[in-house]
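Quick notes on the structure that follows.
The basis for the numbers below is simple: all heavy atoms, side chains too, and nothing from hydrogens, waters or symmetry mates. These numbers were taken from a predicted model, which means no experiment stands behind them. All ligand and atom numbering here is 1-based and tracks the order in the structure.
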Amino acid sequence: MTIAHPARILVIFGTRPEAIKLFPVIAALRADPRLEPVVCVSAQHRGMLDQVLEIAGIVPDHDLNLMQPGQSLDGLTAALLTGLGAVMDTVRPARVIVQGDTATAMAGALAAYYRKLPVDHVEAGLRSGDIQHPWPEEVNRKIIGTMASLHFAPTATAAAALHRENVDPARVHVTGNTVIDALHWVTARIAAEPGLVAGLAALEQRFAGKRIIGVTSHRRENFGGGLEAIARAVRRIAARDDVALIFPVHPNPNVRAVMDGALAGLDNVALVEPLDYPHFARLLGLAEIMLTDSGGVQEEAPALGKPVLVMRETTERPEGVAAGTARLVGTDEDRIVTELFTLLDDKAAYEAMARAHNPFGDGQSSARIVELIANEVGQQA
Ligand code: UD1
Ligand code: UDP
C-alpha cells in the first residue's frame, strides 16, 4: 500500500498586511492533512511583520531578512527574485501561494512562474484602473493575475475584473477576503484575553471624553506633497478641542520625517509606533472615524461600521464606497478637513455612513481557499 504524502504548499509573504491576511490561510492549511504548508517570509518588512508572526504564532521555515531602511523598489525586487527563487529550488513545492500586490507577492509569483510552479493568488482581481494609484501595487497585481493558476477573488466585483481581462472563469473563485477571518480571530482573542490590548490604556485615559479619530498613511504615491498635505490636514483637525487623533506612524523614513516634523508636540495628536494587530483592532473599536490611505483598513472599518475617509483619488475596493461606509477624499488638505468636520458635526451624515456593512467576507474565506487548493492538488495527483 502506498501512503499519499501531503502536497507541499509554499506560502510567501513579506509585509504586515500580507501576514495578517495569510495567517488564517496558514492555519487552515495546517489543519488539512492533504496539504503541508511551508512558510517563507521575505521580511520586506521587519518589525511590522514580526508583530503579526508573534501574535499568530508563526515561525517561518525560511526568512530572507531582506528589509533595508528606505529601500528602493528595484533593489528590493531584485533581491526578492533571486532570494525567493532559491527557496523554491530548496523546498520544491507543489504549489505557491502569494497574497495581494506587494513587491514580495509579485516577485514570488514571477520566480514561481520561471520554475513552472502553479501560483495561487489570494485577494485577486482588485483594480483601481489607474496604474499610478496605488503605485506600484496596481501593476503588481495585474502582473500576478497574468500568471496565477487559481485566482481567489474577495468579491464578485474583483472576479468580474478578472473576467474582463480574459482570465478563464473556471480558475476564478469568489472566496471573500481573508482579512475578515483575521479580524474575527483577533476579536475573539481580545475577548478571551483583554490584556492583549492593555498597551492603549494610557492613551485611552489621556483622551477620555474626546472623540477619537484613527489615522494611518503610507502610500508611496503620496510621498512628498501628498503626505505634507495630509499632515497639514491632521494639524487643522487637531485644532478642535473635542477630538483626539491616534496615528500609528509607518516606519518608512519618508512617512516618519513628514509626520514627526509637522505633528510632534500637539496635545491631542498621539503619534505612536505601529500597533500590533490586537491593539490596532482596539483602535478601530475606539475610533469614531478612520482617516486612512490603507487598503486593509478600508476593508476592516466597514466591517465594524466605522466610517472611513480614504485619502486616495481612486480605490480598488469600491465595495466600501458603494455600501456608503467609505468615502474617497483624496489628499487635498481642504477636502480632508471639510469631509471630516462634516462627519463630526452632522449627525445624519455620520449615521448614514456608520452602518456595519461587510461586503468583504464572512470569516470563512481561508477554509474555502484551502479546499479549492486541495481539490486542485487532488486533480493533479
Ligand atoms: C509595502 C508595500 C505596500 C503595502 C505596505 C503595507 C510594496 C511595493 N509596497 O509598502 O503595497 O501597502 O507595504 O504596509 O511592496 N520599514 C521599517 N520597518 C518595517 C517596515 C518598513 O523600518 O517593519 C521601513 C523601511 O525603511 C523600509 C520602508 O519602511 O525600507 C519601506 O518598506 P516597503 O516594504 O518597501 O514599502 P511600504 O511603503 O511599507
Ligand atoms: N494595522 C496594524 N497596525 C497598525 C496599522 C495597521 O496592525 O498600526 C493593520 C490593519 O488592521 C490592516 C493592515 O495592518 O489589517 C493594513 O496594513 P497597511 O495599511 O500597512 O497596508 P495596506 O493594507 O495598505 O496594504
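Of the protein's non-hydrogen atoms, the one nearest atom 38 (O) of ligand 1 is Asn252 ND2, 3.6 Å. Given atom 10 (C) of ligand 2, the protein heavy atom at minimum distance is Glu300 OE1, 3.3 Å. Annotation: atom 25 (O) of ligand 2 to nearest protein heavy atom, Pro17 CG, 3.5 Å. Scanning the protein for heavy atoms near atom 14 (O) of ligand 2, the closest one is Arg16 NE, 3.3 Å. Scanning all protein heavy atoms for the shortest distance to atom 3 (C) of ligand 1 gives Glu137 OE2, 3.1 Å. Summary of contacts: the protein heavy atom closest to atom 14 (O) of ligand 1 is His45 CE1, 3.1 Å. Counting only heavy atoms of the protein, atom 24 (O) of ligand 2 lies nearest to Gly295 N, 2.7 Å. Atom 4 (C) of ligand 1 has His218 CE1, 3.7 Å as its closest protein atom, hydrogens excluded (heavy atom only).
For Phe341, the CZ atom counts as densely surrounded, since its 6.0 Å shell holds more than 12 non-hydrogen atoms of other residues, nucleotides or ligands. The number of heavy atoms from other shown groups lying within 6.0 Å of CZ (Phe223) is above 12. Heavy-atom contacts from other residues, nucleotides or ligands closer than 6.0 Å to CZ of Arg327 number 12 or fewer. More than 12 heavy atoms of other residues, nucleotides or ligands sit less than 6.0 Å from atom CD of Glu165. With a 6.0 Å radius and a threshold of 12 heavy atoms from other residues, nucleotides or ligands, Ile131 has its CD1 atom at or below the threshold. Within 6.0 Å of CD on Glu351 lie more than 12 heavy atoms contributed by other residues, nucleotides or ligands.
Residue contacts with ligand 1, taken as heavy atom pairs separated by less than 4.0 Å, involve Met48 via backbone and side-chain atoms alike. By the criterion of a heavy-atom distance under 4.0 Å, neither the backbone nor the side chain of Pro134 is placed next to ligand 1. Looking at Pro248 against ligand 2, only its side chain comes within 4.0 Å, counting heavy atoms. Contacts with ligand 2 closer than 4.0 Å are made by side-chain heavy atoms of Arg219 only, the backbone lying farther away. Contacts between His250 and ligand 2, counted as non-hydrogen atom pairs separated by less than 4.0 Å, are absent for every part of the residue. Counting heavy atoms closer than 4.0 Å to ligand 1, residue Thr102 contributes atoms from both its backbone and its side chain. Looking at Phe280 against ligand 2, only its side chain comes within 4.0 Å, counting heavy atoms.
Near Gly47, the atoms of ligand 1 lying under 4.0 angstrom from a non-hydrogen atom of the residue are 23 (O). Every atom of ligand 1 is numbered from 1 in the order shown, and the set under 4.0 Å from a heavy atom of Arg46 is 19 (C), 23 (O). Under a 4.0 Å criterion applied to the non-hydrogen atoms of Pro274, ligand 2 contributes the atoms 8 (O). Of all atoms in ligand 2, listed by their number and element, those nearer than 4.0 Å to a heavy atom of Ile20 are 7 (O), 9 (C), 13 (C), 14 (O), 15 (O). Each of the following atoms of ligand 2 lies closer than 4.0 Å to a heavy atom of Gly296: 22 (P), 23 (O). Residue-ligand proximity, Ser294 to ligand 2, at heavy-atom distances under 4.0 Å covers atoms 16 (C), 18 (P), 19 (O), 22 (P), 23 (O), 24 (O). Atoms of ligand 1 found under 4.0 Å from any heavy atom of Leu73 (numbered from 1 in listed order, with element): 8 (C). Distances below 4.0 Å separate heavy atoms of Arg220 from the following atoms of ligand 1: 33 (P), 35 (O), 36 (O). Taking every non-hydrogen atom of Gly70 and a distance limit under 4.0 Å, the qualifying atoms of ligand 1 come out as 25 (C), 26 (O), 27 (C), 30 (O). Against a heavy-atom cut-off of under 4.0 Å, Pro136 is close to the following atoms of ligand 1: 8 (C). Near Met67, with a cut-off below 4.0 Å to any heavy atom, the atoms of ligand 1 are 16 (N), 17 (C), 18 (N), 19 (C), 20 (C), 21 (C), 22 (O), 25 (C). Residue Pro69 has at least one heavy-atom neighbour below 4.0 Å for each of these atoms of ligand 1: 26 (O), 30 (O).
Between His184 and Asp362 the shortest heavy-atom distance is CE1-O, 3.7 Å. Taking all atoms of both residues into account, the shortest heavy-atom contact from Glu288 to Pro307 is O-CD, 3.5 Å.
Taking 4.0 Å as the cut-off between side-chain N and carboxylate O, Glu138 and Lys142 do not count as a salt-bridged pair. A salt bridge does not link Asp267 with Lys210: every distance from a Lys NZ or Arg NE/NH1/NH2 to an Asp or Glu carboxylate oxygen is 4.0 Å or more.
Side-chain atoms of His121 come within 3.5 Å of backbone atoms of Gly100 as a donor-acceptor pair (strictly under, hydrogens ignored). Judged by distance alone, the side chain of Arg335 and the main-chain N or O of Leu328 form a donor-acceptor pair under 3.5 Å. Under the 3.5 Å distance criterion, the side-chain polar atoms of Ser365 are matched with a main-chain donor or acceptor of Thr175.
For a threshold of 3.5 Å applied to N or O pairs, the pair formed by Gln71 and ligand 1 contains at least one separation below that value. Polar contact check, Phe223 against ligand 1: no nitrogen or oxygen pair lies under 3.5 Å apart. Residue Ala103 has at least one nitrogen or oxygen atom sitting less than 3.5 Å from a nitrogen or oxygen atom of ligand 1, judged on distance alone. Between Gln68 and ligand 1, a contact under 3.5 Å exists for at least one N or O pair. At under 3.5 Å, not a single nitrogen or oxygen of Lys21, backbone or side chain, sits near a nitrogen or oxygen of ligand 2. Polar contact with ligand 1: present for His250 (N/O pair, distance under 3.5 Å).
Using modelled atom types and a 3.5 Å distance limit, the side chains of Thr325 and Arg355 yield no donor-acceptor pair.
Classified by interplanar angle (parallel below 30°, tilted 30° to 60°, perpendicular above 60°), the ring pair Phe152/His173 is tilted.
The closest heavy-atom contact to atom 2 (C) of ligand 1, among the options Arg256, Gln44, Glu18, comes from Gln44. Proximity annotation for atom 18 (P) of ligand 2: of Gln298, Gln51, His218, Met48, His218 comes nearest, heavy atoms only. Heavy-atom proximity to atom 8 (O) of ligand 2, evaluated over Asp101, Val272, Leu275, Leu183, is greatest for Leu275.
Annotation: side chain of His133 is not in contact with side chain of Arg312 (no heavy-atom distance under 4.5 Å). Under the 4.5 Å side-chain criterion, counting only non-hydrogen atoms from C-beta, Asp61 is not in contact with Val91. Counting heavy atoms from C-beta outward, Phe13 and Ile97 have side chains that stay 4.5 Å or more apart.
Taking a 4.0 Å cut-off on heavy atoms, Arg219 registers as neighbouring ligand 1.
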**Request:** Go through His250 and Met48 one step at a time and tell me if the side chain to side chain contact (heavy atoms under 4.5 Å, CB included) criterion holds.
**Result:** CA-CA 9 Å; His250 192 292; Met48 297 202 302; 3.4 Å; yes

